[in-house]
**Student:** 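I'd like to ask you about the structure that follows.
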Amino acid sequence: TGFQDQEITVYSDFSLAVNMTLLPSALVRGGYKAYGVGKWNLGHCNIAYMPWNRGFDKFFTQTMSGIHYYDHTHDSMHYD
């Protein structure tokens with residue numbers, strides 16, 4: 001992908017190209033449902049980059065960094 005030397009953060013203005021087929025899209029085309037739970041670090045700056053537009057039927061996530069693992073609050077001092 002060319003991102004081996006870069007990190008896609010909440011503040012990045014880039015993502016994986018939207019023309020790239022991700023696994024959930026391939027699964028849905030094969031008749032499966034694609035559900036995701038976890039972190040999404042593949043782009044946030046455009047709604048087209050979000051998981052529900054990248055093939056997932058449903059995705060439960062915190063899309064910002066710094067979510068505390070135990071109480072699930074946002075704090076700039078906690079990093080993932």
**Student:** Do Leu22 and Phe59 belong to the same hydrophobic cluster, where Ile, Leu, Val, Met, Phe, Trp and Tyr are linked whenever their side-chain heavy atoms lie under 4.5 Å apart, directly or via other members?
**Tutor:** yes
**Student:** Using only atom types and a distance under 3.5 Å, with no angle test, would you say the side chain of Ser25 pairs donor to acceptor with the backbone of Arg54?
**Tutor:**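 At least one qualifying donor-acceptor pair exists.
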**Student:** First locate atom CG of Leu23, then atom CZ of Phe56, and finally report the distance between them rounded to the nearest 0.5 Å.
**Tutor:** 7.5 Å
**Student:** Hey, does the side chain of Trp40 reach the backbone of Tyr49 with a donor-acceptor pair shorter than 3.5 angstrom?
**Tutor:** yes
**Student:** About how many Å separate CG of Leu42 and CE of Met50, when rounded to the nearest 0.5 Å?
**Tutor:**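 With rounding to 0.5 Å, CE (Met50) is 10.5 Å from CG (Leu42).
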**Student:** Can you name the closest pair of heavy atoms from Ser12 and Cys45 and give their distance?
**Tutor:** O-CB, 3.3 Å
**Student:** Would you say Val28 ends up clustered with Phe60 if hydrophobic residues are merged whenever their side chains have heavy atoms under 4.5 Å apart, either directly or through other cluster members?
**Tutor:** no
**Student:** To the closest 0.5 Å, what do you measure between OG1 (Thr21) and CG (Leu16)?
**Tutor:** 11.5 Å
**Student:** So, Asp57 side chain and Ala34 main chain: donor-acceptor pair closer than 3.5 Å or not?
**Tutor:** yes
